[in-house]
Structure formats: structure tokens, C-alpha cells
Amino acid sequence: MSSKVTIIGAGSVGSTIAYTLSGEDIASEIVMIDINKEKVQGEVMDIEQGTCFRDPVSIIAGEYEDAKDSDIVIITSGIARKPGQTRIELTQTNVNILKQITPEIVKAAPNALYIIVSNPVDIMTYVFTKISGIPENQIIGSGTILDSARLRCGLSEHFKVAQRNIHAYVFGEHGDTSFIPWSAARIAGVNVDDYCEMMPGFEAVDKEAMLTYVQKSGGKIIANKGATFYAVTRGVCKLCSILMAASESVSTVSSMMHGEYGIEDVCLSTLALVGPKGIHGKVPMTLTDEEVEKLKASAEALKSVIAQIEL
């Protein structure tokens, strides 16, 4: 596979994505761009010196113009929340960074597929969609890919079954108003509740505890080691492989809503069909009335933040 991937931001997430891509066959060219020139040059040098163990790959510390002809652009730029800083303050700071980046990268790579990873990812995806001029199908927020992976990890540990046999998702924002549509959670095609009844020796899932595990995992990891970057990297790299594949896959990515479930003009995660040309459409998964209300509540929470920031 021959493809060019540009990564904006050489922090923990951006650098780990570059490192992971350098060991896989997804990209033949990787461009890293960061305002901190020394940092990005150091990351490239460190990564590049390990590439003799794979087929040749080009990795450079570049400028925006070096993103020309990129197949995929991954935006990870932004700052982490500081002690005493409100979510709105953090959001506005990262939105301002995105507003500086967007015209530069869009000018260089107007035809690329864009993966937005910067947090708060749903709002950043919304802002990029509004200001970039890029067609919506080319814009994919990483959304609840990580949340859904955490859910599958938790269910796998509970049921002692491989994660690949679990089909369960987290919908809504990548944040505190996310929720699990349990009505659609399956283990090898069997509803989770039915699976508990059919298989002796398994206790029913504590659904509230599982949601807490999903929502609070990131905070616990940050408290223990300072940042989260491995799991989100695996999700983003998987998304890259989907975008370079020959057919579509279903994933919980963040994208603009246009009336689905009665929700408009906000980006959040539901099931979407993702493939070589980006987002091909939403998958209309049936939700219960309660689940639809939770999705709408998540949308309203995001809209209340958007209403307080300066676009």
C-alpha cells in the first residue's frame, strides 16, 4: 500500500501515531508538522532510525506545504487541560489553535481525508467542518472509537471472551454525556443480557459500573502515568487502514448530524459507514426511546459548549 499521511502535532498522541504507522504497511510517506521544530525533528529522527526493520518508508519533519498530495491528514494539536482551567477555557484555546492550523493545511491538502483527534474532539470536528470548506464526507472525528474499545475491553474481561466476538458501542460525545446503547450490545450475535442467561457462571453486567469504567478510564490513566496515547493511537491507525481499504467498515466516528435521531448541526458519534472516500453515510441502528433521549441530551450538552465559544 502506498499512501501519504501527514500528522499535525508532535505531542504524545501525534508522535505515537507516527511511530505506530512507521511499523505498519499503511503509509509509505509520513510527514510530521509541529510548531516546536526541535521536538518534531527529534521525534522523526528517533522513529526513522527504527525503520530499517521494515520496507522503506519516508518520514520527514515538514512544513504545511509538505502535506501536498496527502491521502490522510491527522490533526492532534492542542493542549491538555490545566489545573483550575474550565472546560470552556480549554475548548476555546484548542479551537483557536485549530483556527490557525486549518487554512494552512487545507490549502496544502484540499483533497485529503481528515481525521480530527484533538480534544474536545466532537467540538473540534464541528469547528473544522464549519471553517475548513472541506466536504463533510472527508472529515472524520475519532469520536467514541476509543470509548467503544474500552467498552469491549471491559466486556471481554467480564465474559472471558475475545474482543473480536463483541459488538458493542458507545454513542454521543467523547466525554461525560456518552452512553452505551445496551439494546444493541451483542456477543457473537447474542444480546448481552440473553448471553448472561444462556451461559452458566456469568453474572449480569453492572451497566452503570461499565459506563463509569468507560468514562473514567482516561482520567485514571492520566492520574497514573500523565497522559493517554497508546489506545487512541491504535484506534486512529485502524481508522487509517479503513480509509485506505477497498471497502467500507462500520465505526463510531464523530461527524455532522443532519436530522438523524432528530439531531441537527452538531458532531457526535453514532454508527457510520467509513471507507476509501471517507464517511459514506450513517448506519441507522435502532435505538430505544430512552437511548434516543440520551443521544439528544449528549447533543444538547455539546451545543451548549459551542454556543459559548468564538468560532
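Counting from 1, the numbers follow the sequence of the chain as shown.
- The environment of NZ in K220 is sparse: at most 12 heavy-atom neighbours from other residues, nucleotides or ligands sit within 6.0 Å.
- A salt bridge does not link K303 to E173: none of the charged side-chain nitrogens sits closer than 4.0 Å to a carboxylate oxygen.
- Checking side-chain atoms of T76 against main-chain N and O of V13 turns up no donor-acceptor pair under 3.5 Å.
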Applying salt bridge (Lys or Arg N to Asp or Glu O under 4.0 Å) to K39 and E43, what does each step give before you reach the verdict?
CA-CA 6 Å; K39 173 73 159 58; E43 294 289 355; 2.6 Å; yes
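- For Y114, the ring pair (Phe, Tyr, Trp, His ring centres under 6.0 Å) partners are F128, not counting sequence neighbours.
- For Q215 (side chain) and D176 (main-chain N/O), a donor-acceptor pair under 3.5 Å exists by modelled atom type.
- E290 has a carboxylate O that lies under 4.0 Å from a charged side-chain N of K294, or vice versa, which qualifies the two as a salt bridge.
- Rounding to the nearest 0.5 Å gives a distance of 10.5 Å between CG of D206 and CG of L211.
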Taking it one step at a time, do T288 and V292 satisfy side-chain contact (heavy atoms from CB on, under 4.5 Å)?
CA-CA 6 Å; T288 66; V292 170; over 6 Å; no
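- In this structure a side-chain-to-backbone donor-acceptor pair under 3.5 Å is present from S178 to G175.
- The aromatic rings of F202 and H158 are tilted relative to each other, their planes meeting at an angle between 30° and 60°.
- Ionic pairing of K4 and D66 is not present here: no N-O contact between side-chain nitrogen and carboxylate oxygen is shorter than 4.0 angstrom.
- Taking the side chain as every heavy atom from C-beta outward, H280 and N137 never approach each other to under 4.5 Å.
- At distances below 3.5 Å, not a single donor-acceptor pair connects side-chain atoms of E104 with backbone N or O atoms of Q100.
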Run the numbers on V31 and I7 for side-chain contact (heavy atoms from CB on, under 4.5 Å), then give the verdict.
CA-CA 6 Å; V31 178; I7 302 166; over 6 Å; no
Do Y169 and T270 pass the side-chain contact (heavy atoms from CB on, under 4.5 Å) test, and can you show the C-alpha distance, the side-chain angles, and the key distance before you say yes or no?
CA-CA 9 Å; Y169 309 96; T270 60; over 6 Å; no
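- More than 12 heavy atoms of other residues, nucleotides or ligands sit less than 6.0 Å from atom CG of N224.
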Extract all donor-acceptor atom pairs below 3.5 Å that involve side chains of residues 140-148 and protein atoms in other chains or at least two apart in sequence.
| unit_1 | atom_1 | unit_2 | atom_2 | d |
| --- | --- | --- | --- | --- |
| S142 | OG | I116 | O | 3.4 |
| T144 | OG1 | V170 | O | 2.6 |
| T144 | OG1 | T252 | OG1 | 3.3 |
| D147 | OD1 | H174 | ND1 | 2.7 |
| D147 | OD2 | H174 | ND1 | 3.2 |
| S148 | OG | T144 | O | 2.9 |
| S148 | OG | V170 | N | 3.0 |
| S148 | OG | T252 | OG1 | 3.2 |

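- The CD1 atom of I72 lies 4.0 Å from the SG atom of C240; values are rounded to the nearest 0.5 Å.
- Proximity of V250 to L273: side-chain heavy atoms (C-beta onward) are separated by under 4.5 Å at one or more points.
- Put simply, the side chain of N191 never gets that close to the backbone of A184: no donor and acceptor are under 3.5 Å apart.
- Note on D265 versus K130: salt bridge recorded, some NZ/NE/NH1/NH2 to OD/OE distance being below 4.0 Å.
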Start with the C-alpha distance between Y126 and L311, add both sets of side-chain angles, then the distance that settles side-chain contact (heavy atoms from CB on, under 4.5 Å), and finish with yes or no.
CA-CA 10 Å; Y126 178 87; L311 295 182; 4.2 Å; yes
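- A cation-pi contact links K225 to F229, judged by a cut-off of 6.0 Å to the six-membered ring centre and 45° from its axis.
- Rounding to the nearest 0.5 angstrom, the gap separating the CG atom in L151 from the OG atom in S156 is 11.0 Å.
- Separating the CD1 atom in I139 from the OG atom in S132 is a distance of 4.0 Å, to the nearest 0.5 Å.
- Within 6.0 Å of atom NZ in K277, 12 or fewer heavy atoms from other residues, nucleotides or ligands are found, so the atom counts as exposed in its surroundings.
- A donor-acceptor pair shorter than 3.5 Å can be found between the side chains of T6 and S70.
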What do the steps show when you test R152 against E157 for salt bridge (Lys or Arg N to Asp or Glu O under 4.0 Å), and what is the final call?
CA-CA 8 Å; R152 291 179 185 180; E157 291 178 354; over 6 Å; no
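- Side-chain atoms of N96 and Q92 include a donor-acceptor pair closer than 3.5 Å.
- No side-chain donor from either of D46 and Y19 sits under 3.5 Å from a side-chain acceptor of the other.
- Separation of atoms OG (S77) and CD1 (I75) is listed at 7.0 Å; rounding is to 0.5 Å.
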Could you list the donor-acceptor pairs under 3.5 angstrom formed by side chains in residues 254-264, with sequence neighbours left out?
| unit_1 | atom_1 | unit_2 | atom_2 | d |
| --- | --- | --- | --- | --- |
| S254 | OG | D122 | OD1 | 2.8 |
| S254 | OG | L268 | N | 3.4 |
| S255 | OG | K282 | NZ | 3.1 |
| H258 | NE2 | E136 | OE1 | 2.7 |
| H258 | NE2 | E136 | OE2 | 3.3 |
| E260 | OE1 | H258 | N | 2.6 |
| Y261 | OH | M285 | N | 3.3 |
| Y261 | OH | M285 | O | 2.8 |

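- Within 6.0 Å of atom CD1 in I222, more than 12 heavy atoms from other residues, nucleotides or ligands are found, so the atom counts as buried in its surroundings.
- With hydrogens and angles left out, the side-chain atoms of E291 and S183 include a donor and acceptor closer than 3.5 Å.
- When the shell of 6.0 Å around NZ of K216 is examined, it contains 12 or fewer heavy atoms from other residues, nucleotides or ligands.
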